[in-house]
Amino acid sequence: MTDGDERSSSTHRTASGDVDADAPADDDAPALPDEDVDAVREALVGWYGESHRDFPWRRTDDPYEILVSEVMSQQTQLGRVVEAWEAFVDRWPTAAALASADRSDVVSFWTDHSLGYNNRAKYLHEAAGQVQTEFDGEFPETPAELSELMGVGPYTANAVASFAFNNGDAVVDTNVKRVLYRAFDVPDDDRTFERVASNLMPDDESRVWNNAIMELGGVACGKTPRCDEEGCPWRRWCRAYETGDFTAPDVPTQPTFEGSRRQFRGRIVRTLGEYDELTVDELGPRIRVDYAPDGEHGREWLRGLLSDLADDGLVDVVERDGESAARLRR
DNA sequence: TTCCCGTATT
DNA sequence: AATACGGGAA
C-alpha cells in the first residue's frame with residue numbers, strides 16, 4: 001500500500017498559486033481550481049485515447065501478464081521489453097506454470113534477454129508460488145493484497161490493480177513525479193506527489209488514467225520535453241511550458257557499472273546458466289580475463305561474490321572433491 | 001559517460 | 001535513510 005492516509009505534515013506551497021499541496025484549511029485541495037481539474041483530466045484521457053503506443057500488455061487484462069510486464073518495465077526500456085514479454089508469457093503462460101518452473105530456468109531466461117536485475121526474476125517466480133499457496137491460485141486483486149507478493153511494492157501493486165482490474169490508486173513513478181513537478185509545480189516530496197496524484201485521478205478510472213499519465217511522462221514529458229512534437233494536452237496549464245524551465249526532480253546518480261561487482265555478479269549468473277556446474281577456478285577465467293587464483297581478483301574475491309549470490313538464493317555453492325563449485329539454484 | 005528506475009534489505 | 005542491484009541504449 002501507498003501511505004495514502006497520512007495527512008499530517010507540512011509542505012506548503014501557496015506562493016505560486018497553482019498548487020496547494022497541503023493547505024491547512026483543506027487537506028484534499030485539488031492541484032488546480034475546480035473548474036480546471038475536469039478539463040485537465042479530459043485533456044489527458046483524450047490525448048491518450050488518440051495517440052498512445054500499442055504495447056501488447058495494453059491489450060490484456062490478465063493480472064499475471066500485467067505483473068510480468070510491470071516487473072520487466074521497472075528496469076528495462078519498453079522497446080526492449082516487448083520481445084522478452086512475449087517470449088516469457090509464451091513459455092510460462094500462467095502463474096501456475098511459472099510457479100512450477102525451476103528458478104534457474106527463470107533466472108537464465110532473464111539473463112538471456114538482458115532484463116537486468118536477476119533478483120527480480122527470482123521475486124517473480126516466488127510471487128507466482130505465493131499466488132498458488134497463499135491465494136489459492138486466485139490472483140489477488142487489490143493493491144493491499146498485491147503488495148504481499150514478493151517484489152511488488154506500491155508502484156507495481158497499483159499498476160497491476162489498475163491495468164488488470166481498474167481497481168488501483170494513482171501510481172507514482174518517476175514519470176508521474178516529473179510531470180506533476182513540471183506542470184503544476186508540485187514540490188519534490190514523495191508524500192505530496194502521492195496526494196496530488198491521487199486527487200488528480202478521476203474516481204474509478206485508474207486503468208486509463210495511470211496508463212495516460214505515464215504515457216505522458218514517457219512520450220511528451222521525458223527528460224527532454226517534446227511538448228509540441230507530441231501535442232502535449234497540458235500545455236495550456238503547464239508551468240514549465242509557460243516559463244521554459246523544464247527542470248525535473250533529482251534522480252539519484254549511480255556508481256559506474258563498468259568494473260562493478262554488479263557487473264561480475266551478472267557475468268557469473270550468465271556463465272553458470274551455460275554450465276551445469278563449475279569449480280571456482282573454472283568459473284574465474286570465464287568472468288574476467290585477468291583471473292588468477294591467488295591474485296587480487298582470485299578465489300577469495302570470487303568466493304565472496306558467490307557467497308553473496310548464495311545468500312540471495314540465486315546460486316548454490318557445493319563441495320566437489322574438496323573444491324568449491326557453483327551452480328544456479330533450481 | 002550518462003541515463004534509466006522500483007524494491008528489498010539493513 | 002542509505003545502499004545494492006543489470007546491462008542496453010542514448
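Chain A is the first sequence line, chain B the second, and so forth, proteins listed ahead of strands; every chain is numbered from 1.
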So which of residues 261-273 of chain A are in contact with DNA chain B, with a heavy-atom cut-off of under 4.0 Å?
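Heavy-atom contacts with DNA chain B come from no residue of residues 261-273 of chain A; none.
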
Short N-O contact, Asp188(A) and Lys177(A), less than 4.0 angstrom:
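Looking at Asp188(A) and Lys177(A), the cut-off is not met.
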
Pair Asp189(A) + Arg191(A): basic N to acidic O under 4.0 Å
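Salt bridge flag = no for Arg191(A) with Asp189(A).
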
Only counting residues at least two apart or in another chain, list the ones meeting side chain to side chain contact (heavy atoms under 4.5 Å, CB included) with Val251(A).
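Val251(A) satisfies side chain to side chain contact (heavy atoms under 4.5 Å, CB included) with no other residue.
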
Partner of Leu44(A) under side-chain contact (heavy atoms from CB on, under 4.5 Å), chosen from Val208(A), Ile213(A), Leu200(A), Val179(A):
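Going through Val208(A), Ile213(A), Leu200(A), Val179(A) one by one, the side-chain contact (heavy atoms from CB on, under 4.5 Å) with Leu44(A) is satisfied by Ile213(A) alone.
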
Rounded distance (Å) that lies between atom [atom2] of [N] and atom [atom1] of [X]:
X	N	atom1	atom2	result
Asp190(A)	dG6(B)	CG	P	10 Å
Met72(A)	dG6(B)	CE	P	17 Å
Lys122(A)	dT7(B)	NZ	P	16 Å
Leu67(A)	dT7(B)	CG	C1'	13 Å
Glu70(A)	dT7(B)	CD	C1'	14 Å
Asn175(A)	dC3(B)	CG	C1'	13 Å

Using Watson-Crick or G-U wobble pairs with both distances under 3.5 Å, give me DNA chain C in dot-bracket, 5' to 3', with [ ] for crossers and | for pairs to another strand.
|||||.||||

For Val152(A) and for Ser73(A), find the nucleotide of DNA chain B with the closest heavy atom, then tell me which residue's nucleotide is more 5'.
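That would be Ser73(A).
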
Parallel under 30°, tilted from 30 to 60°, perpendicular over 60°: which one fits the rings of Tyr48(A) and His52(A)?
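Because their plane-to-plane angle is under 30°, the rings of Tyr48(A) and His52(A) count as parallel.
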
Near DNA chain C, under 4.0 Å by heavy atom, which residues of residues 77-90 of chain A?
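Close to the strand are Gln77(A), Arg80(A).
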
With no hydrogens and no angle check, is any side-chain donor or acceptor of Arg178(A) less than 3.5 Å from a backbone partner on Gly217(A)?
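Yes, because the side chain of Arg178(A) sits within donor-acceptor range (under 3.5 Å) of the backbone of Gly217(A).
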
Is the closest side-chain heavy-atom distance between Leu306(A) and Leu283(A) below 4.5 Å?
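Of all side-chain heavy-atom pairs linking Leu283(A) with Leu306(A), at least one is under 4.5 Å.
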
Salt bridge (Lys or Arg N to Asp or Glu O under 4.0 Å) pairs, two or more places apart, involving residues 101-128 of chain A
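Pairs touching residues 101-128 of chain A that pass the test: Asp102(A)-Arg330(A), Arg103(A)-Glu126(A).
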
Taking atom P in both dT10(B) and dG6(C), compute the distance separating them and give it to the nearest angstrom.
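Nearest-Å result for dT10(B) against dG6(C) at atom P: 15 Å.
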
Please measure how far the P atom in dT7(B) lies from the corresponding atom in dG8(C), and state the result in whole Å.
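So the two P atoms sit 23 Å from each other.
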
First and last nucleotide of DNA chain C in contact with chain A, 5' to 3', at under 4.0 Å to a heavy atom: what are they?
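That gives a stretch of dC5(C) to dA9(C).
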
If I take atom OG1 from residue Thr111(A) and atom CZ from residue Arg267(A), how far apart are they, to the nearest 0.5 angstrom?
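If we round to the nearest 0.5 Å, Thr111(A):OG1 and Arg267(A):CZ are 13.5 Å apart.
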
Ring centroids only, cut at 6.0 angstrom: are Tyr117(A) and Trp110(A) within range, meaning strictly under it?
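Between Trp110(A) and Tyr117(A), which both carry aromatic rings, the centre distance is not below 6.0 Å.
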
